[in-house]
Amino acid sequence: MYIFFHTNFYFLLFKLDEVNAVVFDIGSNNTRAGFAGEDTPYAYFSTDVGYTNMEFNCDGEVKLVNGDIETKDADGSTKNGDSMDIDEEAKNSSKSANKIKYHVGNEGANVFLSGMNVKKVVSSGTVLDWDAYERIVSYVLKDHLHLNSSEHPVLFSEPNWNDEESREKLTELMFEKFNVPGFFVSKSAALSAFGTGKSTALVIDSGGETTSAVPVYDGYVVQKGIVYQNIGGNYITKSIQEKYLGETLDYLPVPLFEVKSKQNVEANCKPMYKLRNLNGVTDTFRQYKTMQVVSDFKEMAFQVADLPFDGQYDYSNYAPKPYEFPDGYNMVAGGKDRVFYPEVMFQPELFSSTAELANKDNGDKALGVQEMAQMCVSKCDIDLRPHLLHNVVLTGGNTLLPGFTERFSNELPKLCQSVRIPFLFFL
C-alpha cells in the first residue's frame with residue numbers, strides 16, 4: 001500500500017469533518033466510485049468507452065469522421081453537446097488535425113452514435129489506454145460527484161499484481177492533472193478483506209476477465225502467495241455466444257438498438273423482427289451491445305452445478321429456464337446446457353481453449369478456482385495457513401452466478417481436509 005500527500009492536504013486538516021475521500025474501483029468491465037464510508041457507490045458504469053475520430057480546422061469547425069458535425073460559434077461555445085469534452089490542444093491548434101473524442105459512462109458507449117467505436121480501457125488489471133482512463137476519472141469527478149478534485153483526497157484500488165510503472169503513472173496523473181491533496185492506492189484484495197471486517201483472509205476474486213486467489217495477512221497482501229489466471233465471466237459469456245447460441249442453436253443475437261419492431265413467436269421458433277435503418281454502426285459497437293445481451297442471458301439462465309460436471313449425469317433436476325432476446329426469439333435453456341458453460345471455473349480442462357489462458361507460473365494447464373485457492377495457501381508459511389482457511393472471502397461479479405458459492409464451499413474442503421473452512425461473501 002502506498003500513500004502520497006500534496007501540500008494542499010495540510011490546509012484540509014482543519015476541516016476534516018467536511019471532507020470525504022473519493023474511492024475509485026476501475027475494473028475490466030465496470031467502474032465503481034463514490035465517497036468513503038458510504039454503503040454503495042455513487043457512480044456505476046461500464047469501463048469500456050466509445051470514441052470517434054474528429055477533425056479540427058483553423059476556422060473552429062469540429063467534424064466527426066463518419067458521423068455528425070459539430071460547429072463552434074465565434075465565442076467558442078458548442079452547439080451540439082456530448083458526454084465528453086474535446087482535447088484543448090486540438091481546439092487551439094492552427095492546423096487541421098485528427099483527434100479522438102471519448103464517450104464515457106452510461107450515456108456514452110451505451111448510446112448509439114454514427115461512426116463510434118468501442119474499446120477496452122482496462123484488461124486483466126492492465127490499463128490499455130491512459131488517455132481514456134483519465135477521461136473516466138474526470139467524468140466521475142465532474143459529472144457524477146460534482147466536486148473539485150483539489151479539495152478531496154482520493155483512494156484507488158489496484159490489481160494485486162500491479163507493476164511499479166503503472167502505479168507511478170497513476171500517481172503522476174492524480175497529482176499533476178487533477179491536483180488532488182492526498183492520494184492512496186491499495187491492493188484490491190486488502191480492501192475486500194477490510195470490507196468484511198477482516199485484516200487476515202484468503203480472498204477469492206472472480207471478475208470479468210481474471211480470477212485470483214490472494215492471501216492477506218494483517219492488512220497486507222502476501223505477494224508470494226498470489227495465484228491468478230485470465231479466466232472469468234467474459235470467457236463464459238463468449239463461450240455461450242459462440243458455442244451454445246452460435247453452433248448449437250445457430251442463432252446470432254440482435255442488440256436492442258437495432259430492433260425496430262418484433263412479433264411474438266413460439267418457443268424455439270425463428271424470430272420475426274424489423275431492423276432500424278441506421279448508418280455508421282461499427283463492428284466494435286455492435287459486438288459490445290451483443291455481448292451485453294448474452295451477458296444478461298447468462299445471468300438469467302445459467303448456474304453452477306452442485307457437483308462436478310459429468311456428461312452421463314441426469315441434469316433434469318435443473319429446471320429449464322425460458323428467456324426472450326431483444327429480437328423476440330424465445331428459447332428455453334435446458335438443464336445440462338445451463339450448468340456446462342459455468343463449469344469452466346471449476347473444471348477448465350473441459351474447455352480446450354483454456355490452455356492458452358493459463359498462467360505459466362502456475363503450471364502448463366488452467367486451474368479450477370478451488371485449485372487456485374489450495375495452491376495459494378500452500379505457497380504461504382505453514383503457521384499462516386489455518387488463519388487464511390478460517391477466513392475465506394469471495395468477491396467479484398462472477399461469484400454471483402447461482403450455485404457458485406455453494407459449489408466452492410464443497411470443493412475447497414476436499415483439498416484442505418484438515419481444516420474446517422467458514423466462508424464470507426462480499427461484492
Side-chain angles (χ1 to χ4, degrees), residues 1-9 21-33 46-49 51 87 89 99-100 102 104 119-141 149-150 152-193 203 205 207-217 219-232 234 356-362 372 376 379 395-396:
M1 291 182 284
Y2 300 84
I3 185 167
F4 307 91
F5 292 105
H6 192 275
T7 53
N8 291 346
F9 178 78
V22 180
V23 180
F24 282 87
D25 182 18
I26 302 179
S28 298
N29 279 11
N30 296 295
T31 293
R32 296 156 292 273
S46 173
T47 303
D48 295 349
V49 302
Y51 68 95
D87 195 328
E89 294 181 0
K99 293 292 179 179
I100 293 178
Y102 294 100
V104 183
K119 65 173 3 178
K120 291 199 72 66
V121 180
V122 179
S123 178
S124 301
T126 302
V127 179
L128 304 178
D129 188 333
W130 281 101
D131 289 336
Y133 194 89
E134 176 186 327
R135 297 300 196 280
I136 291 176
V137 176
S138 177
Y139 174 76
V140 170
L141 294 175
S149 60
S150 63
H152 292 263
V154 174
L155 166 66
F156 266 81
S157 68
E158 67 169 358
N160 302 292
W161 49 89
N162 199 27
D163 56 65
E164 185 176 352
E165 181 181 356
S166 299
R167 190 179 301 113
E168 290 177 352
K169 178 68 176 179
L170 179 59
T171 304
E172 177 185 348
L173 175 67
M174 297 311 299
F175 280 124
E176 296 189 2
K177 177 66 178 181
F178 295 99
N179 196 34
V180 296
F183 176 66
F184 189 90
V185 59
S186 179
K187 303 292 186 183
S188 60
L191 296 177
S192 297
V203 180
D205 188 348
E209 293 195 346
T210 305
T211 297
S212 63
V214 181
V216 178
Y217 178 68
Y220 292 92
V221 170
V222 182
Q223 292 292 134
K224 68 178 182 180
I226 295 177
V227 179
Y228 72 96
Q229 62 188 14
N230 295 328
I231 299 177
N234 289 355
E356 59 189 34
L357 299 176
N359 189 334
K360 301 306 179 183
D361 295 336
N362 306 332
M372 295 174 62
C376 170
K379 288 185 175 183
T395 183

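Keep in mind that this is a model prediction, so the values were computed, not measured.
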* To do: Hey, can you tell me if Tyr51 and Tyr102 have their rings parallel, tilted or perpendicular (30° and 60° cut-offs)?
  => tilted

* Output the distance between atom OG (Ser124) and atom CD (Gln229), rounded to the nearest 0.5 Å. => 11.0 Å

* Kindly check if the number of other-residue, nucleotide or ligand heavy atoms within 6.0 Å of CZ (Phe24) is above 12? => yes

* Supply the atom-to-atom distance Ser149 OG to Lys177 NZ, rounded to the nearest 0.5 angstrom. => 10.0 Å

* **Euclidean distance, Leu173 CG relative to Glu134 CD, rounded to 0.5 Å** => 5.5 Å

* Asked: Are any non-hydrogen side-chain atoms of Val49 and Lys119 less than 4.5 angstrom apart?
  -> yes

* **Arg135 versus Val104, closest heavy-atom pair with distance** => CB-CG2, 4.1 Å

* **Atom pair CZ/OG1 of Phe156 and Thr171 - distance to nearest 0.5 Å** => 10.0 Å

* **Gly27 to Val122 - nearest heavy-atom pair and separation** => O-CB, 3.8 Å

* Asked: What pair of heavy atoms forms the shortest contact from Val216 to Ala190, and how long is it?
  -> CG2-N, 4.0 Å

* Flag, side chain of Ser188 to backbone of Ser157, donor-acceptor distance under 3.5 Å -> no

* Taking the side chain as every heavy atom from C-beta outward, state whether Ile100 and Asp131 have any atom pair closer than 4.5 Å. => no

* To do: Please tell me if the side chains of Leu155 and Ser186 come closer than 4.5 Å, counting only heavy atoms from C-beta onward.
  => yes

* To do: Looking only at non-hydrogen atoms, find the nearest pair between Gly232 and Thr211 and report the distance.
  => CA-OG1, 4.1 Å

* **Separation between CD1 of Ile226 and NZ of Lys379, rounded to the nearest 0.5 Å** => 9.0 Å

* Asked: Mind checking what makes salt bridge (charged side-chain N to carboxylate O under 4.0 Å, His left out) contact with Asp205, not counting sequence neighbours?
  -> none

* Asked: Are side-chain N/O atoms of Ser28 and Ser123 paired as donor and acceptor at under 3.5 Å?
  -> no

* Do Leu170 and Trp130 pass the side-chain contact (heavy atoms from CB on, under 4.5 Å) test, and can you show the C-alpha distance, the side-chain angles, and the key distance before you say yes or no? -> CA-CA 9 Å; Leu170 179 59; Trp130 281 101; 4.1 Å; yes

* Structure fact -> Test side chain to side chain donor-acceptor pair (under 3.5 Å), reference Asn29, set Asn234, Thr47, Asp48, output is Asn234

* To the nearest 0.5 Å, tell me how far Asn162 CG sits from Thr126 OG1. => 7.5 Å

* Pairwise side-chain contact, Ile26 with Val137, heavy-atom cut-off 4.5 Å (strictly under) -> yes

* Would you say the side chain of Tyr228 lies within less than 4.5 Å of the side chain of Val214, judging by non-hydrogen atoms? -> no

* Structure fact -> Cys376 and Ala213 have their tightest heavy-atom pair at SG-O, 3.5 Å

* **Distance-minimising heavy-atom pair for Asn30 and Arg32** => CB-NH1, 3.6 Å

